[in-house]
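Okay, structure first, notes after.
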Number of protein chains: 2
Amino acid sequence: MRSKSSVLETAVLGLLNDSPLHGYELRKRLNLVLGSFRALSYGSLYPCLKSLVTRGLIVGAASNEAPPHALSGKRARIVYTLTADGKEHLQSVLASSGPAAWEDDSFDVRFAFFGQTDAETRIRILEGRRSRLNERLENVRDSSARTRERLDEYTLELQRHGLEQVEREVRWLDGLINTERDRRRARTAGVTPGASLTADAQPAAPDQINPYVVDDEGRDTDSKERG
Amino acid sequence: MRSKSSVLETAVLGLLNDSPLHGYELRKRLNLVLGSFRALSYGSLYPCLKSLVTRGLIVGAASNEAPPHALSGKRARIVYTLTADGKEHLQSVLASSGPAAWEDDSFDVRFAFFGQTDAETRIRILEGRRSRLNERLENVRDSSARTRERLDEYTLELQRHGLEQVEREVRWLDGLINTERDRRRARTAGVTPGASLTADAQPAAPDQINPYVVDDEGRDTDSKERG
DNA sequence: TTCGTCATGTAATGGGTTACATGATTAC
DNA sequence: GTAATCATGTAACCCATTACATGACGAA
């Protein structure tokens, strides 16, 4: 249950859970998920795959010909597949909903694999991220209130813009959380799913108390060194 | 003219150009500028200061008492000041407007010090960043067009949201560029400045050709490994 | 035949964090 | 007296990038 599982590892395992892939292809898909759209280097990917093999979470098999959807023989490449251990590990990672799941670096990956994540976990992560962002917003507004006047025009504008981006992300989360709740309600009522992810962000309960469970991943909420 | 000058170094020099500061205080201000609002660790800051001292760009002086605005004796701390070399170096960094100035990591710092930057350079950096983002947008839309159908709901939503954020930043840049141009026009006409940074983003010329000058910082535009 | 893309890797390097170590000063 | 904040630093480590090395395949 302990193993750190970096963002990259989670992403690799998550993708391989959909279908076996070789490194080169893996990288391309990774770029769509990781950080939005930035190139991950092979210098990170291959050592990561190596390590996963060593730990028995995936296996690599040289596949010379006839890939599933017989395109063309191409060339020898190593197709990686999840092992039973790997699947188990992935499930445990995907089941966690502590701070580690909603911090900047990991949230995106976790969100990208929401399709393989339990509905309650999804909600917990979304709410966790939202309160994390709100907390940050509060900090910035506080410190801004104290130092606003002695900041020049551009610094101020940069701050304003940053704040706005975060506020927008909070509203995005509001919408997603509402959608998830609607779905939950529909599920328990036994109705066919109707809610779409792109539903408008209803104003949501004005004061959402969110007693998120910090059950895993060590790492508690009150770390100093934040403001 | 060559020296790499990391983001952190630029930020430090830029802040010290306003007024001499000691490490602890420096860090707090750095956090407002760098990456928006994230804690920079002393483990990065102090070695950086050390290196700047070694290279003669700043000098540290133990200041035991009477800080400028006589608060209280506090305690021995090391107040850093820019040297002539340091000022010169900073000016040359601030004068550069190549790709290195508008990439993700450095753009924020450069923008934060626009108050100390030449107007033409400001425009060039803003335009450079905008075309960088547009280029990225194009790439994502292209690859999205090819793989859209086999992506699940959440991955798709993540991508949509990422795209939206970037589009928003482009509009932000549109506004800033217009403001800068207005100011330039006002300047050459000898009028008192009236344009505010928060002016609405006019639709801007529908197709802005931007022949940005890649004059410094090695690093050309057509690096592979991007899509 | 040469260029672009597919494909897999390693070594050096870089830029940061965390944890550690230390100690004075201030507020409760 | 004791906790929080001020203040400065070092050492170990992490995770990723860049540059390098290699080579096959398909298309121009």
Side-chain angles (χ1 to χ4, degrees), chain A residues 3-12 21-31 34-35 38-54 60-65 67 71-80 103-106 109 218-219 222-227, chain B residues 3-12 21-28 30-31 34-35 38-54 60-65 67 71-80 103-106 109 218-220 222-227:
Chain A
S3 53
K4 194 58 209 323
S5 192
S6 70
V7 175
L8 179 54
E9 278 185 13
T10 308
V12 168
L21 294 167
H22 61 274
Y24 196 86
E25 177 67 22
L26 207 42
R27 176 180 178 260
K28 285 194 296 189
R29 310 233 181 155
L30 241 23
N31 292 157
L34 241 47
R38 37 165 321 164
L40 172 85
S41 66
Y42 295 117
S44 312
L45 179 57
Y46 285 115
C48 171
L49 289 170
K50 203 175 164 185
S51 150
L52 288 171
V53 169
T54 306
S63 136
N64 202 322
E65 45 203 306
L71 272 164
S72 60
K74 284 287 177 189
R75 183 174 81 97
R77 46 203 192 173
I78 302 172
V79 174
Y80 294 94
E103 288 299 321
D104 288 333
D105 37 346
S106 36
V109 207
R219 188 80 178 72
D222 63 351
S223 64
K224 323 86 168 48
E225 304 278 10
R226 187 173 278 153
Chain B
S3 52
K4 193 58 209 323
S5 193
S6 70
V7 175
L8 179 54
E9 277 184 15
T10 309
V12 168
L21 294 167
H22 61 275
Y24 196 86
E25 177 67 22
L26 207 40
R27 175 180 177 262
K28 286 194 296 190
L30 240 23
N31 292 157
L34 241 47
R38 36 164 322 164
L40 172 85
S41 67
Y42 295 118
S44 312
L45 178 57
Y46 285 115
C48 171
L49 289 169
K50 203 175 163 185
S51 150
L52 288 171
V53 169
T54 307
S63 136
N64 202 322
E65 44 203 309
L71 272 165
S72 60
K74 285 285 178 190
R75 182 175 82 96
R77 47 203 193 173
I78 304 171
V79 174
Y80 295 95
E103 287 300 321
D104 288 333
D105 38 343
S106 36
V109 206
R219 187 82 177 70
D220 56 355
D222 62 350
S223 63
K224 323 88 168 46
E225 305 275 10
R226 187 173 278 153

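All values below were derived from every heavy atom in this structure, side-chain atoms included, with hydrogens, water molecules and symmetry-related copies excluded. Just so it is clear: chains get the letters A, B, ... in the order the sequence lines come, proteins before strands, and each one is counted from 1.
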Check your understanding: Closest nucleotide of DNA chain D for B:S44 versus for B:H22: which of these residues is on the 5' side?
Key ->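 Checking each residue's closest nucleotide, the 5'-ward one belongs to B:H22.
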
Practice item. Assign each of B:K28 and B:P47 to its nearest nucleotide of DNA chain D by heavy atoms, then name whichever residue's nucleotide is nearer the 5' end. Key: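 That would be B:K28.
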
Practice item. Compare the minimum distances between each of C:dG9, C:dG16, C:dT18 and the side chain of B:S41, then state the nucleotide with the smallest one. Key: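 Given the options C:dG9, C:dG16, C:dT18, the side chain of B:S41 is closest to C:dT18.
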
For [X] and [N], what is the distance between atoms [atom1] and [atom2] respectively, to the nearest whole Å?
{"X": "A:Y42", "N": "D:dT17", "atom1": "OH", "atom2": "C1'", "result": "14 Å"}
{"X": "A:R77", "N": "D:dT22", "atom1": "CZ", "atom2": "C1'", "result": "19 Å"}
{"X": "B:L52", "N": "D:dG9", "atom1": "CG", "atom2": "P", "result": "13 Å"}
{"X": "B:I78", "N": "D:dC6", "atom1": "CD1", "atom2": "P", "result": "17 Å"}
{"X": "B:Y46", "N": "D:dA12", "atom1": "OH", "atom2": "P", "result": "21 Å"}
{"X": "B:L45", "N": "D:dG9", "atom1": "CG", "atom2": "C1'", "result": "11 Å"}
{"X": "B:R27", "N": "D:dG9", "atom1": "CZ", "atom2": "P", "result": "15 Å"}
{"X": "B:Y24", "N": "C:dT26", "atom1": "OH", "atom2": "C1'", "result": "13 Å"}

Point to revise | side-chain hydrogen bond (donor to acceptor under 3.5 Å, both in side chains) partners of A:D105, counting only residues at least two apart | key: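 Once residues adjacent in sequence are excluded, A:D105 has no partner under the side-chain hydrogen bond (donor to acceptor under 3.5 Å, both in side chains) criterion.
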
Review point. What residues, two or more places apart in sequence or in another chain, satisfy side-chain hydrogen bond (donor to acceptor under 3.5 Å, both in side chains) together with B:T10?
Key: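 Per chain and number, B:T10 pairs via side-chain hydrogen bond (donor to acceptor under 3.5 Å, both in side chains) with B:S5.
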
Considering all heavy atoms, the nearest [X]-[Y] contact:
{"X": "A:C48", "Y": "A:V12", "value": "SG-CG2, 4.4 Å"}
{"X": "B:Y46", "Y": "B:Y24", "value": "OH-N, 3.8 Å"}
{"X": "A:R27", "Y": "A:S41", "value": "NE-CA, 4.4 Å"}
{"X": "A:G23", "Y": "A:L49", "value": "CA-CD1, 4.1 Å"}
{"X": "A:L8", "Y": "A:S44", "value": "CD2-O, 3.9 Å"}

Check your understanding: Is any side-chain nitrogen or oxygen of A:K50 closer than 4.0 Å to OP1 or OP2 of C:dT10?
Key ->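 Yes, such a contact exists.
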
Practice item. Mind checking B:G43 for me? I need base, sugar-phosphate or nothing, with any heavy atom below 4.0 Å counting as a touch. Key: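 Base: the residue B:G43, judged by heavy atoms under 4.0 Å, touches a nucleobase.
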
Practice item. Rounded to 10°, tell me the angle between the two end axes of the helix from C:dT1-D:dA28 to C:dC28-D:dG1, each built from five pairs. Key: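 Answer for the end axes of this duplex: 30°.
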
